[in-house]
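Below: the structure, in structure tokens.
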Amino acid sequence: MEKKEKTGKKQVLLFHCVESEELAGKVAAHSDLIHLQSIKWRSFDDGFPNLFINNAQEIRGQHVAFLASFSSPSVIFEQLSVIYALPRLFVASFTLVLAYFPTGSFERMEEEGDVATAFTMARILSNIPISRGGPTSLVIYDIHALQERFYFGDHVLPLFETGIPLLKRRLCELPESEKIVVAFPDDGAWKRFHKLLDNFPAVVCTKVREGDKRIVRIKEGNPSGCHVVIVDDLVQSGGTLIECQKVLAAHGAAKVSAYVTHAVFPKQSWERFTGNNGEGSDKGFTYFWITDSCPHTVKAIGNQAPFEVLSLAGSIADALQI
């Protein structure tokens, strides 16, 4: 308590799902004010969760956080069960860190009958019980569509963070930093990120329809002779990034790298970027920077080139003090 008064910061008890164990450890390593807690993640014979929050009585009156990872529908229910239980244990405040909001790219209806599951997920999270300290703080990184912040109700306080400062720090470490150009694969990425990267020259790409195909073209900017870094919020199959790399290389880019906050990569599609599997032209990608918002992907990729992980741990530790 004396330490809290001196620093003006709070002690935080950090719970986490199984998948986020490594990231939670890194978050706690950033601050001696963050203390890891544990949950028994078990299942009954019928497959439904059998969960137990350890030291439940000791967390009364404490600031509590939970580091979630909604990597698949199969793990969401058990984590929601814990997320709904923690605020009701008379905690001083509750913070949910969901670095990757998984349904973010399904935010609109194109025809009657489409289901906007991003809105559904936001409604579920908006009904987290209020703790003694008030509404839940919900920390999300680089949500896919900016308008999704308005999907959440008044029972949660969404805090939208970004991984871009990690990228900027890494770019400053490169020897050729003065020749960096940032490329956006479409207008959506430009709208999300250009103000955060306005100290770099920009290239904006676009997709145009030629017959039955959609072809990537450069809309504005000049990549010639530069190390071009494609920036987007997430990657799925990686097809758009590969097409952008080919176009940038064809227009004289000396090197092409990529950054995404969320490396989703379903069906191990990250393999398209490694070793002899590279599908880009010439040397493919020099670097492919990702964060650890999707822990299962980070574990699968390991240290394979061209991937390099920029951890969100320090940023999350800071967010827990807000």
Side-chain angles (χ1 to χ4, degrees), residues 23 68-71 97-108 116-119 121-122 125 138-152 158-171 180-198 200 202-207 216 219 228-245 248 256-266 269-270 272-273 285 287-298 301 306-313 315-316 319:
L23 177 56
S69 177
F70 290 0
S71 59
V97 180
L98 182 62
Y100 171 51
F101 186 72
T103 57
S105 57
F106 307 101
E107 85 287 358
R108 61 185 181 273
T117 52
F119 182 60
M121 181 64 72
L125 296 176
L138 173 60
V139 182
I140 297 175
Y141 282 81
D142 291 318
I143 197 164
H144 181 70
L146 298 180
Q147 69 268 20
E148 289 175 317
R149 66 183 60 210
F150 304 112
Y151 291 1
F152 296 91
L159 174 62
F160 296 103
E161 296 283 359
T162 179
I164 294 298
L166 301 175
L167 172 64
K168 293 172 73 172
R169 195 176 308 137
R170 183 66 182 92
L171 293 180
I180 295 292
V181 168
V182 172
F184 302 102
D186 51 41
D187 286 331
W190 178 84
K191 290 177 182 177
R192 277 191 296 273
F193 296 123
H194 80 278
K195 290 183 179 179
L196 298 173
L197 294 161
D198 59 3
F200 295 100
V203 170
V204 182
C205 297
T206 188
K207 288 182 179 179
V216 174
K219 180 180 177 181
V228 183
V229 181
I230 307 169
V231 176
D232 209 349
D233 62 317
L234 62 84
V235 58
Q236 296 267 2
S237 68
T240 297
L241 292 179
I242 289 172
E243 292 306 310
C244 284
Q245 187 274 334
L248 293 166
V256 179
S257 295
Y259 166 85
V260 296
T261 303
H262 309 299
V264 184
F265 284 131
S269 53
W270 54 267
R272 302 176 70 177
F273 297 88
F285 287 85
Y287 297 101
F288 198 135
W289 292 292
I290 63 175
T291 77
D292 42 8
S293 68
C294 299
H296 61 293
T297 303
V298 171
I301 291 175
F307 291 100
E308 186 177 308
V309 179
L310 308 177
S311 181
L312 294 172
S315 178
I316 292 172

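Both backbone and side-chain heavy atoms feed into the values below; hydrogens, waters and symmetry mates do not.
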Open item on the list: For a quick test of reading the model, state the closest non-hydrogen atom pair linking Ala189 to Val231 and the distance between them.
Closed with: CB-O, 3.8 Å
TODO: Return the orientation label for the His262 and Tyr100 ring planes: parallel under 30°, perpendicular over 60°, tilted otherwise.
DONE: tilted
TODO: Could you check whether the rings of Trp289 and Tyr287 sit parallel, tilted or perpendicular, using 30° and 60° as the cut-offs?
DONE: parallel
Open item on the list: Do Phe70 and Leu125 make a side-chain contact, defined as non-hydrogen atoms from C-beta onward lying under 4.5 Å apart?
Closed with: yes
Task: Close side-chain approach of Tyr259 and Phe193, heavy atoms under 4.5 Å - done: no
Task: Spacing of OG belonging to Ser257 relative to CD1 belonging to Ile180, to within rounding of 0.5 Å - done: 7.0 Å
- [ ] Might you work through the side chain to side chain contact (heavy atoms under 4.5 Å, CB included) test for Glu161 and Val139, ending with a clear yes or no?
- [x] CA-CA 7 Å; Glu161 296 283 359; Val139 182; 4.1 Å; yes
TODO: Write down the atom of Tyr151, the atom of Ala122, and the distance for their closest heavy-atom approach.
DONE: CB-CB, 3.6 Å
Open item on the list: Tell me the closest heavy-atom pair linking Leu312 and Gly163, and the distance in Å.
Closed with: CD2-CA, 4.3 Å
- [ ] Give, for atom CZ of Phe285 and atom CZ of Phe273, the distance between the pair rounded to the nearest 0.5 Å.
- [x] 5.5 Å
Open item on the list: So, taking the atom named CG in Leu166 and the one named NZ in Lys168, what distance separates them when rounded to the nearest 0.5 Å?
Closed with: 11.5 Å
TODO: Kindly say whether Met121 contributes a backbone atom to a donor-acceptor pair with the side chain of Thr103 at under 3.5 angstrom?
DONE: no
- [ ] Please report the closest heavy-atom contact between Arg272 and Gly238, naming both atoms and the distance.
- [x] NH1-C, 4.1 Å
Task: From CA spacing to verdict: side chain to side chain contact (heavy atoms under 4.5 Å, CB included), Val229, Leu197 - done: CA-CA 11 Å; Val229 181; Leu197 294 161; over 6 Å; no
Task: Residue pair Ile316 / Leu23, side-chain heavy-atom distance below 4.5 Å - done: yes
- [ ] Kindly say whether the aromatic ring centers of Phe265 and Phe307 come within a distance under 6.0 Å.
- [x] yes
Task: No-hydrogen, no-angle side-chain donor-acceptor test under 3.5 Å, Asp233 and Thr261 - done: no
Open item on the list: Under 4.0 Å between a side-chain nitrogen and a carboxylate oxygen: does that hold for Asp232 and Arg192?
Closed with: yes
- [ ] Please tell me if the side chains of Lys207 and Thr240 come closer than 4.5 Å, counting only heavy atoms from C-beta onward.
- [x] yes
- [ ] Drop me the distance from Ile290's CD1 to Leu234's CG, to the nearest 0.5 angstrom.
- [x] 12.5 Å
Open item on the list: For a side chain to side chain contact (heavy atoms under 4.5 Å, CB included) check, start with the C-alpha distance between His194 and Val204, then their side-chain angles and the critical distance, and finish with the verdict.
Closed with: CA-CA 10 Å; His194 80 278; Val204 182; over 6 Å; no
Open item on the list: Return the CG to NZ distance between Asp186 and Lys191, rounded to the nearest 0.5 Å.
Closed with: 9.5 Å
Open item on the list: Do Gln236 and Pro266 have side chains that approach each other closer than 4.5 Å (heavy atoms only, starting at C-beta)?
Closed with: yes
- [ ] Could you check if a side-chain atom of Pro158 sits within less than 4.5 angstrom of a side-chain atom of Ile140, using non-hydrogen atoms only?
- [x] no
- [ ] Heavy atoms only: give me the nearest Asp292-Val298 pair and the separation to one decimal.
- [x] CA-CG2, 3.7 Å
Task: Approximate separation, where rounding is to 0.5 Å, of Phe101 CZ and Phe152 CZ - done: 4.0 Å
TODO: State, yes or no, whether a side-chain contact exists between Leu248 and Ile230 at a heavy-atom distance under 4.5 Å.
DONE: yes
